Amino acid sequence: MFRKISFFALALAAFSASPALAGEPSVGETLINLAYSIDTFYFLMSGALVMWMAAGFAMLEAGLVRSKNTVEILTKNVALYSIACIMYMFIGYNIMYGDGANSFIPGLSFWLGTDNAVDAVLKSGGETYYSVMADFFFQVVFVATAMSIVSGAVAERMKLWSFLAFAVVLTGFIYPVEGYWKWGGGFLDTLGFSDFAGSGVVHLCGASAALAGVLLLGARKGKYVNGKVKAIPGSNLPLAALGTFILWLGWFGFNGGSELKISNIEEANAVSMIFVNTNMAAAGGLVAALLLSQLWFGKADLTMALNGALAGLVAITAEPLTPTPLVATLVGMAGGLLVVASIIFLDKIKIDDPVGAISVHGVVGIWGLIAVAFTNPEVSLGAQLTGIGVIFAWVFGTSLIAWSIIKAVMGIRVSEEEELKGVDIHECGLEAYPEFNGK
Amino acid sequence: MFRKISFFALALAAFSASPALAGEPSVGETLINLAYSIDTFYFLMSGALVMWMAAGFAMLEAGLVRSKNTVEILTKNVALYSIACIMYMFIGYNIMYGDGANSFIPGLSFWLGTDNAVDAVLKSGGETYYSVMADFFFQVVFVATAMSIVSGAVAERMKLWSFLAFAVVLTGFIYPVEGYWKWGGGFLDTLGFSDFAGSGVVHLCGASAALAGVLLLGARKGKYVNGKVKAIPGSNLPLAALGTFILWLGWFGFNGGSELKISNIEEANAVSMIFVNTNMAAAGGLVAALLLSQLWFGKADLTMALNGALAGLVAITAEPLTPTPLVATLVGMAGGLLVVASIIFLDKIKIDDPVGAISVHGVVGIWGLIAVAFTNPEVSLGAQLTGIGVIFAWVFGTSLIAWSIIKAVMGIRVSEEEELKGVDIHECGLEAYPEFNGK
Amino acid sequence: MFRKISFFALALAAFSASPALAGEPSVGETLINLAYSIDTFYFLMSGALVMWMAAGFAMLEAGLVRSKNTVEILTKNVALYSIACIMYMFIGYNIMYGDGANSFIPGLSFWLGTDNAVDAVLKSGGETYYSVMADFFFQVVFVATAMSIVSGAVAERMKLWSFLAFAVVLTGFIYPVEGYWKWGGGFLDTLGFSDFAGSGVVHLCGASAALAGVLLLGARKGKYVNGKVKAIPGSNLPLAALGTFILWLGWFGFNGGSELKISNIEEANAVSMIFVNTNMAAAGGLVAALLLSQLWFGKADLTMALNGALAGLVAITAEPLTPTPLVATLVGMAGGLLVVASIIFLDKIKIDDPVGAISVHGVVGIWGLIAVAFTNPEVSLGAQLTGIGVIFAWVFGTSLIAWSIIKAVMGIRVSEEEELKGVDIHECGLEAYPEFNGK
Amino acid sequence: MKKIEAIIKPFKLDELKEALNTLGIFGMTVSEVKGFGRQKGHTEVYRGAEYEVDFIPKVKVEIVITEDMTDKVVETIITTVNSGKIGDGKIFVLPIDGVCRVRTGERDKDAI
Amino acid sequence: MKKIEAIIKPFKLDELKEALNTLGIFGMTVSEVKGFGRQKGHTEVYRGAEYEVDFIPKVKVEIVITEDMTDKVVETIITTVNSGKIGDGKIFVLPIDGVCRVRTGERDKDAI
Amino acid sequence: MKKIEAIIKPFKLDELKEALNTLGIFGMTVSEVKGFGRQKGHTEVYRGAEYEVDFIPKVKVEIVITEDMTDKVVETIITTVNSGKIGDGKIFVLPIDGVCRVRTGERDKDAI
Ligand SMILES: Nc1ncnc2c1ncn2[C@@H]1O[C@H](COP(=O)(O)OP(=O)(O)O)[C@@H](O)[C@H]1O
Ligand SMILES: Nc1ncnc2c1ncn2[C@@H]1O[C@H](COP(=O)(O)OP(=O)(O)O)[C@@H](O)[C@H]1O
Ligand SMILES: Nc1ncnc2c1ncn2[C@@H]1O[C@H](COP(=O)(O)OP(=O)(O)O)[C@@H](O)[C@H]1O
């Protein structure tokens, strides 16, 4: 087919095993070409799966809020993903992975550079083993994940544009800086803090920013009425279940891709182990949370089970490689129990988190990071606690400042009447289900 | 980026083509490394697609039940998947693929072993060509699929925890044993029974267990009223359509991954043929079922069309490689016609299957297995019929016993009043759509 | 495991690096085997992602129509996909990629041929570098995409079977012919018209066919009442958002797979760049459309934002490789602004397109093709305009004829009363949400 | 003429409809309501927080009839929807000044 | 004062609303109901099993007015929603003892 | 006996329910309605086209009581749901000829 042929020139220039053609690369070079393409392809597929998690957060949150606030939460989710991509391309990626001034202060530059030159890759003998653009794609979906965590916690009462303003700050500055400290090779990495795929860098980060927002924002009207905690049931549980399945699937890319290489036997085995452990931890978390809610509340609360699965995923994210599948299941189960207790506790202290994001990603994220000290002999508890402290302090602090400024400038909470009527009509001019009688 | 560099040690130990470095593997070893990583990656991606099918079943079933029973069916779906993962890791995988006592009696051992050692793989000269963990991941999502089939058939009336108790038995014992007989190298395999990706081992298995459950459980209240079959419309058809699309997508992993290898020209062609045939069979099944329902009922029944697509997929699963795309389309079409007739027939004999699971996976699964005898010259009809008989007898028999014990111990059916009010409130304490007036 | 062993024979025949075995291929041949398998696998994964777009269109459209017309639009979507697969296998693929009579008149043959023989591939020295069946799979989902575009524009008023009749014509004839002109190596390709992944061949094609249909069909009852444009809100916005996310994900396969090769450094870098640019364009389009609707209408219209993301994707599809990520973002933003304006404009001239398909895929498709002249130095504006003209003229013209014949034979519009009651009950005998009070 | 308003349990609707048909009554208007009375709702737990499902789904059936039919209709309703269980419902009889069939403009008796 | 209850076809609501406005009537309460009468429902097939869609979606419009307006309002309703087709609907006129505007506590005439 | 129909703002329902309980009234029937009155709806834009959200969601509470309770109940409703804002709602008092409890067949006063 013509379409194919039109690529031959290109194709052959770089790779040919047929002696019939001139200027062909050596076998060694060809091997590097193949390995490079395998690792890059694996990276792109992983990134696509993580991008899919954005849909998961959107569905989960849309299912757990009331119908009158559904359109607005969807708008926040699609918009924050887009903003994250733009800000991270504009400046975030360079802050996180550029040459920093020192191990605390990252460097500053703009836009993306060029990809690896073929010669450079060949010269490196395979040390440079995947595309820079593929790496950017994989990294950018991580920052979007961190920001997605925030939207759920502040749902049903925060102004749309104030939220998006914060998204600009978190994805362009707050996240990249702490990311630099760990994955960019900064001081957190030097002191041995271990966070394989981001229980801390991504999930605890998102939860800390969310907590700061919730504290400034206050609870939804009618959530805590003269000392009693009132239930505000989610409006569409199939969406919540769908969202959880999407996140579960996407997580294989999130953790599996974080191995960063698959093109040899050890790496292929490692990625496989990560897939298995990620899956087992989620399964363990779901079962544990479901059983606990049955025993505790007398009913099998689906929303708790879903949070349990996510808790298992967050818990294993800090170290999905070293544990055996059995241990991974237990780590997930602990996460599942913890998340239920945490959700109840946060309600007790009147921290209103409609979807349980702070519990799932924050509390369980911390658990996951601590667990590493037990599942990975090379990691010290001290280093883990330091990392947790640093990430929380940085993200919570800067977020508090950012939220406060936004609050002062444009306000962060909708008016009481708008909250009563639902933010959808007020912010977006639409209803999610205009034909059905909502309460 | 630091993150990358930190992996060099690992990376180079196993693979390097640059003469500048010491202890590098030979070209032959490197080729084995690459092939191993390709096959493992292909396996992991296929497994991820099959895992996604769990979401498909959940959405399909949530869409076809009444809203008052939606939360409970979602809970069953997320929980059965998790239980399947845990039980299969605990014991199922070893029963199915461990060293059996003989071709009838499988072996017994617990947890998962270690993955292939690099040396062993290299020594095998590529005979051991993918990660054991990747294989486990691919296998575990299959048992979840079998169990997902059951949930739909017993929907709207079976107790949540009784169902989950059965899930433990099926995924930990019933399925692994018959799996051993065929894919574990047992007697069904020896006598030439052919079932490429599991029309029998997975789908007929799930349907047989479902049938046993439905017979003990009885029909939903109001389904068969003094001789007349009453329609009980599904509450959310977009979810049903979404579920079908998810299953369709996931099936590429289900059948495509079952080729087990892609790292050479023949295998790559084989996997491609499987993708095409899988897609064509689904398309054929959908069109056939849609046309039939238009001609038969005078209306284009979407739910029948969706069942038709699934029927096409189940039908081709027994042999997606040898037929031409045209033949695959016809095999799927036959499945599509068969499923409509079967659904009507089962209603006539008062077997109440809210989602048509027994027809789609059982009746059409049998058709798929028989069709192999015609599309694959090497396969005999006799062997196929034997396999069908053995699988059905084993699964139906053991399931009947398991269901009966559960019924005696904890009961399997909710009370009439609970069924009337809907199982959601009673079992889960939630409503799927609390804000909308359900009937 | 037995299952694996059973494939060894096959496996080794084609590929082995272990000297212990006889008849083994040379290193060069093995390299070709590996590259072939990588490119084929990449192709299959891309195709699977594009197949997933069919679900995206279904959800998007189901979310944007009224509940009384939801089942029918779902039926159209699942059926058109199936018909596209069958027609394209039957005749379309051969028309598009077979040996044509000349650069205008394609050849005619039926069904699919056989796949590449191993020897042929080895002889070609890697020039034949992926499976023909994988190529068919990748191509067939493209034609389904083109047809999916049509269903949205004619929603809520076109007869089901008339629509499906048109699907037969478009997927079996209209699309393959213009596809031949460009990707089949016909005159459009010769004169330098550049359309990387199908802003024109796929998207403009679908939009042109849709426009022809809408003109013959007329607007929905109550859309334009004595000069005023009335809003007809979509019934389920979470579905619309989900659909957009699905399309966004699928587009990585749509554009990324269109590079057609990934097995060397350049190609791997190219595919990575395409992933990044595709993602950035969508993000840019969404943000631009969201801001514009906020400024223009005073509300953040989610549906406009979703259309904006799709517009960004369509715009970059014509050339996702040469622009920098920054430029890709800008191309997407322009698409996002354009689509909002176009939707308003089409309403002004009373062209009723319930989901904005003509604006997203047609108007923005044209913009994308023109943009190539600016982002890719080798492409001339003249060639692009010619291509746009030819594709539009051909597809619009032939579609107008096809629609007219169908209209004469079986009619294309439901009766006024059916439209009032909703087409679901009349065409499919079902309601999408039977338990909820629809208006 | 009278208007009968009956608040009944949803799943009794079909039976009632048939019973009324046999009485020769073919017209009625039905709407979904939520009831509150002796039959109290129940408390459920959502994510650990209690909430009362205190309004019970009921169906309200409105039937306009001629005076003379009143007792027959009330009796029929009682016998068909009575299950002896709490929450069976209530019947209200309201006076009506006039009825009119839109299609024909017929009034009162002829319009029913 | 009277209360007019009109059962009409849903898509006629906007027209009726405008017609009443021109009459100087700006207050009304609307609810979705399901109707049953001469206009029978139809039988559909779902997965091969027949089911009756015998309740037809209607809209119930409640308007409280002063006695003197009654005829005018009834006339207006008839003329606007009448399509001569079966199922056009019914109008019921009910007596009202009192009306009260919550906001102001105004009673009867002033409250309408 | 009287039937009180109160059209109120949805979020006032719980308060009203409790207030009535304290009055010793435990039975009521509630339905979702859309209101139209002084409190006008608003215009929104969907995909650039304007549409009026002119029916405002309200809740209709129906309470059947004995004559003597009428004023007390009306007062209670006013005091609890009155916010002084437009759209607070209306109260209608209708005469009732008879009440019957389905479960027991009890009539009138005993049936309430
Ligand atoms: N005083 C009342 N006013 C209006 N509706 C009432 C009243 N009392 C009961 N109802 C309606 O009748 C339904 C059944 O009444 P309930 O007291 O629960 O059962 P029972 O009539 O068997 O004692 C309630 O759910 C409510 O909808
Ligand atoms: N006796 C009745 N009581 C209450 N509602 C009625 C009665 N008769 C008719 N209706 C309502 O009026 C609607 C129209 O009546 P129908 O008999 O179908 O048409 P028509 O009035 O044109 O003969 C019905 O759907 C039902 O909602
Ligand atoms: N004449 C009427 N008939 C029936 N319902 C009415 C009438 N007037 C008002 N209503 C109902 O009362 C609600 C409140 O009335 P409205 O005029 O908006 O506020 P207010 O009573 O404070 O002036 C309306 O939404 C409507 O449901």
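Atoms considered below: every heavy atom in the structure, side chains included; atoms not considered: hydrogens, waters and symmetry mates. Chain naming here is simple, since letters A, B, ... match the order of the sequence lines and numbering starts at 1 in each. Bear in mind that the values here come from a model prediction, so they are computed numbers and not experimental data.
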Taking C-beta and beyond as the side chain, do [X] and [Y] meet within less than 4.5 Å on heavy atoms?
X	Y	result
A:Leu237	B:Thr70	no
B:Ile86	A:Thr329	yes
A:Ile38	B:Leu34	yes
B:Trp52	A:Ile246	yes
A:Leu31	B:Leu31	yes
A:Leu306	B:Leu74	no
A:Leu302	B:Val78	yes
A:Leu242	B:Leu242	yes

Inter-residue atom distance [X].[atom1] - [Y].[atom2], 0.5 Å rounding:
X	Y	atom1	atom2	answer
A:Ile32	B:Thr30	CD1	OG1	10.0 Å
B:Asn116	A:Asn269	CG	CG	6.0 Å
B:Phe41	A:Phe275	CZ	CZ	7.5 Å
A:Leu239	B:Leu239	CG	CG	7.0 Å
B:Met133	A:Ile274	CE	CD1	12.0 Å
B:Thr40	A:Ile265	OG1	CD1	9.0 Å

Toward chain A, the part of [X] with a non-hydrogen atom under 4.5 Å:
X	value
B:Leu164	side chain
B:Ala432	both
B:Ala117	neither
B:Glu431	backbone
B:Val140	side chain

Minimum-distance pair of heavy atoms, taken over all atoms of [X] and [Y]:
X	Y	value
A:Leu326	B:Met89	N-SD, 3.8 Å
A:Leu249	B:Ala48	CD1-O, 3.4 Å
A:Pro238	B:Met59	O-CE, 3.7 Å

Would you mind checking which part of [X] comes under 4.5 Å of any heavy atom in chain B, side chain (CB onward), backbone (N, CA, C, O), both or neither?
X	value
A:Phe252	side chain
A:Met45	side chain
A:Ser26	neither

Counting heavy-atom pairs under 4.5 Å to chain A, which of [options] comes out on top?
options	value
B:Thr75, B:Asp39, B:Leu44	B:Leu44
B:Thr114, B:Val71, B:Asn236	B:Val71
B:Gly429, B:Cys428, B:Gly47, B:Ala134	B:Cys428

Show, in sequence, the C-alpha distance, side-chain angles and deciding distance for B:Glu435 and A:Tyr433, and conclude whether the side chain to side chain contact (heavy atoms under 4.5 Å, CB included) test is met. CA-CA 11 Å; B:Glu435 300 181 23; A:Tyr433 313 97; over 6 Å; no
Determine all donor-acceptor pairs shorter than 3.5 Å in which one atom belongs to a side chain in residues 279-287 of chain A; sequence neighbours excluded.
| from | atom 1 | to | atom 2 | distance (Å) |
| --- | --- | --- | --- | --- |
| A:Asn279 | OD1 | A:Trp248 | NE1 | 3.0 |
| A:Asn279 | OD1 | B:Tyr81 | OH | 2.9 |

Main chain of B:Ile425, side chain of A:Lys299: is a donor-acceptor contact present, judged purely on distance under 3.5 Å? yes
Does B:Phe110 have any ring-ring contact (aromatic ring centres under 6.0 Å, His included) partners at least two apart in sequence or in another chain, and if so, which? B:Phe90
From CA spacing to verdict: side chain to side chain contact (heavy atoms under 4.5 Å, CB included), A:Thr324, B:Leu112: CA-CA 8 Å; A:Thr324 64; B:Leu112 304 180; over 6 Å; no
